[in-house]
S.K.: 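One structure, pasted below without further comment.
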Amino acid sequence: MSRHQPHSDAASGPVTTEDPQAPFLELLARGASADAYEQPVLLARAEGATPERIAALEAAKVLALRVRAEMEGRRRREAELSALFETAHDLAGLRDLDAVLHAIVQRARSLLGTDVAYLTLNDPVRGDTYMRVTEGSVAARFQQLRLGMGEGLGGLVAQTARPYVTDNYGHDVRFQHTHSIDAGVGDEGLVAILGVPLMLGAQVIGVLFASDRRARVFEREEIALLGSFAALAAAAIDTANLLTETRQALNELERANEIIRDRSGVIERASDVHDRLAELVLRGGGVHDVAAAVSEVLDGTVEFTDAEEAPGHALEASRADGHAVRHRDDWVAAVAAGGELLGALVLRGHPGLDPVDQRTLERAAMVTSLLLLARRSAAEAEQRVRGELLDDLLDGRDRDPRLLRERAERLHADLDATHVVLAARLESTGDAEQEAAARRRLGSAANHLAATRHGLAAARDGGTVLLLPAHTTAASELASHVAGRLSEAIHESVTVGASAPVEGLAGWTERAAAAYVEAQRCLDALRLLGRSGQGAAAEDFGFLGLLLADSRDVGGFVARTIGEVITYDERRGTDLLRTLDAYFASGMSPARTKDALHVHVNTVAQRLERVGRLLGEDWQTPERALEIQLALRLHRLAAPDIA
């Protein structure tokens, strides 16, 4: 009986033909909790479903939970970027410092999922740092805490300008515990604490915290996210201070109207650029859009450049103090995030720059860093998804063709098309750290190449594997092209082995694994033959290709080697093949060949001359002669089947 036909049996219990994925798709659609995914399996067990039915439900549950985790991760990343963009927009239209700081603390607490978030500001007169804003706090003593420099976790952050994290503050001996701090933390019941500095240039002006009332390990991404909020908070404070200073100056100076007229143009430009930058962030503009907008406002030429192309000394100075730095007739503002230098905004040919315009250039650099981080996050997410799909194909973990096609379609890939599997490996001779960096660059370059060609890429076995559509391109030509592109992209020698073209990967995932093995054989053969840095497929190795290829394409080898001679004989009724057989059997002696064929020696010479024109002048070299003799023998063996 087919497993799709419903029947009832007293021993095995009721059987249902319902799609095992259906209940989990419903759970995904309504956003159910992870615990709810156990219910369909438990219900099936309670109803006495067959072991096959339960196994199918278990497999569907695992897949659904993976999809749910991916969806949750994407929602979380979208929420993080949205919160950063919203906060940046608030900063551009800053009116109330308290409101902005409260918004930053609230969003930090929400996105990191902590019980409490709070912010302290440094008091230069008393030489300590005091609680400024709290969210989720319930203890009055905690809300009034003041921390001396170097005291507790926050005092250490304020003193060293470095982030600190602990999964259990009360038992962490790295920090200088005081009675007042420990009492406040104890009243609040805090256990795990993360603190990052609020920086204005090289100066620490306060600390932003996220804390839980239970033990918790904060991930690197969470530390970076809190650091981004801290940068926004510092910018909000700096902007508010500037506005305060401006108001005080207007109140104190007798010629207020004249000052307002003199500065009105600058202030209007600053407001204009803030509005433009906020609009760019909200509509997903790029870094060059930011540079173009600032160019218009500052009446100059602003360019985004890579860190390697910017003036080194000015770039490092800007990175160190967080301000734009003059370099000859230009101004350089570092684009950095979390200590990583991402590039620079350079204002060309504008030596005289108003302080507000300088701040505008600096704000543009900060917005540029946010856009670059957002783009990187999206690119890394897509790379992970491409790599996971290719890993599943190579390992045969997901054999449902429909799901494989759906996953591929979301990445603009077509698994029903003809593909070539390519194994790529570095030929670097640097130290371990340099080689690891080169491998990361290789992975990024391979992912970019795969995305532009509607393929897939993943790191595997110490190298990189790619799955690219073949279309009308031969496997050997594709391998050579990929080797050149990757080597040029990472400035390192990359060797690439390719499989023969394969089809139907969605329905037969084992084909991908077999093709990968063939590509690795070709890669190893290239390296053994001293052809590192090149790309090749089995067809490039002559008779060795028969050993390297997974499919043993004998006909293809014969056609590539002596196909021209076979076609010539068939069309003209000549005996070039028989002459070649006799020539090699006679030890490549024309005199003995004419005796074996019972023809004149001039006839043998004429036939061999024709063979040379068909096969090339090097056909009698040892390597070519060996391949031709093997092809002749394989052709003779195949002749009865052909007949």
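Just so you know, these numbers use all the heavy atoms, side chains as well, and skip hydrogens, waters and symmetry mates. Each residue takes its place number in the sequence, starting with 1.
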S.K.: Name all pairs fulfilling the salt bridge (Lys or Arg N to Asp or Glu O under 4.0 Å) condition that reach into residues 454-471, sequence neighbours left out, sorted by first residue then second.
M.R.: D391-R460, D395-R460
S.K.: What pairs with F142 under ring-ring contact (aromatic ring centres under 6.0 Å, His included), at least two apart in sequence or on another chain?
M.R.: Y118
S.K.: Restricting to pairs with a member in residues 23-36, which pass salt bridge (Lys or Arg N to Asp or Glu O under 4.0 Å), not counting sequence neighbours?
M.R.: none
S.K.: Applying the side chain to side chain contact (heavy atoms under 4.5 Å, CB included) criterion to L208, which one of T120, L194, L101, L119 satisfies it?
M.R.: L119
S.K.: Which residues pass the side-chain contact (heavy atoms from CB on, under 4.5 Å) test with L42, not counting sequence neighbours?
M.R.: E38, Q39
S.K.: Answer whether the closest heavy-atom distance between the side chains of L478 and R453 falls below 4.5 Å.
M.R.: yes
S.K.: Which salt bridge (Lys or Arg N to Asp or Glu O under 4.0 Å) pairs, counting each pair once, include a residue from residues 184-199, with sequence neighbours left out?
M.R.: R141-D187, E188-R213
S.K.: Take D115 and R109, measure what salt bridge (Lys or Arg N to Asp or Glu O under 4.0 Å) needs, and give me the verdict at the end.
M.R.: CA-CA 7 Å; D115 298 323; R109 179 193 178 201; over 6 Å; no
S.K.: Restricting to ring-ring contact (aromatic ring centres under 6.0 Å, His included), what partner residues turn up for F24, sequence neighbours left out?
M.R.: none
S.K.: Between V420 and V502, is the side-chain contact (heavy atoms from CB on, under 4.5 Å) condition met? List the steps.
M.R.: CA-CA 6 Å; V420 171; V502 290; over 6 Å; no
S.K.: Kindly determine whether L411 and L456 satisfy side-chain contact (heavy atoms from CB on, under 4.5 Å), including the steps that lead there.
M.R.: CA-CA 9 Å; L411 298 170; L456 305 172; 4.0 Å; yes
S.K.: Does a donor on one side chain sit under 3.5 Å from an acceptor on the other, for E503 and T418?
M.R.: yes
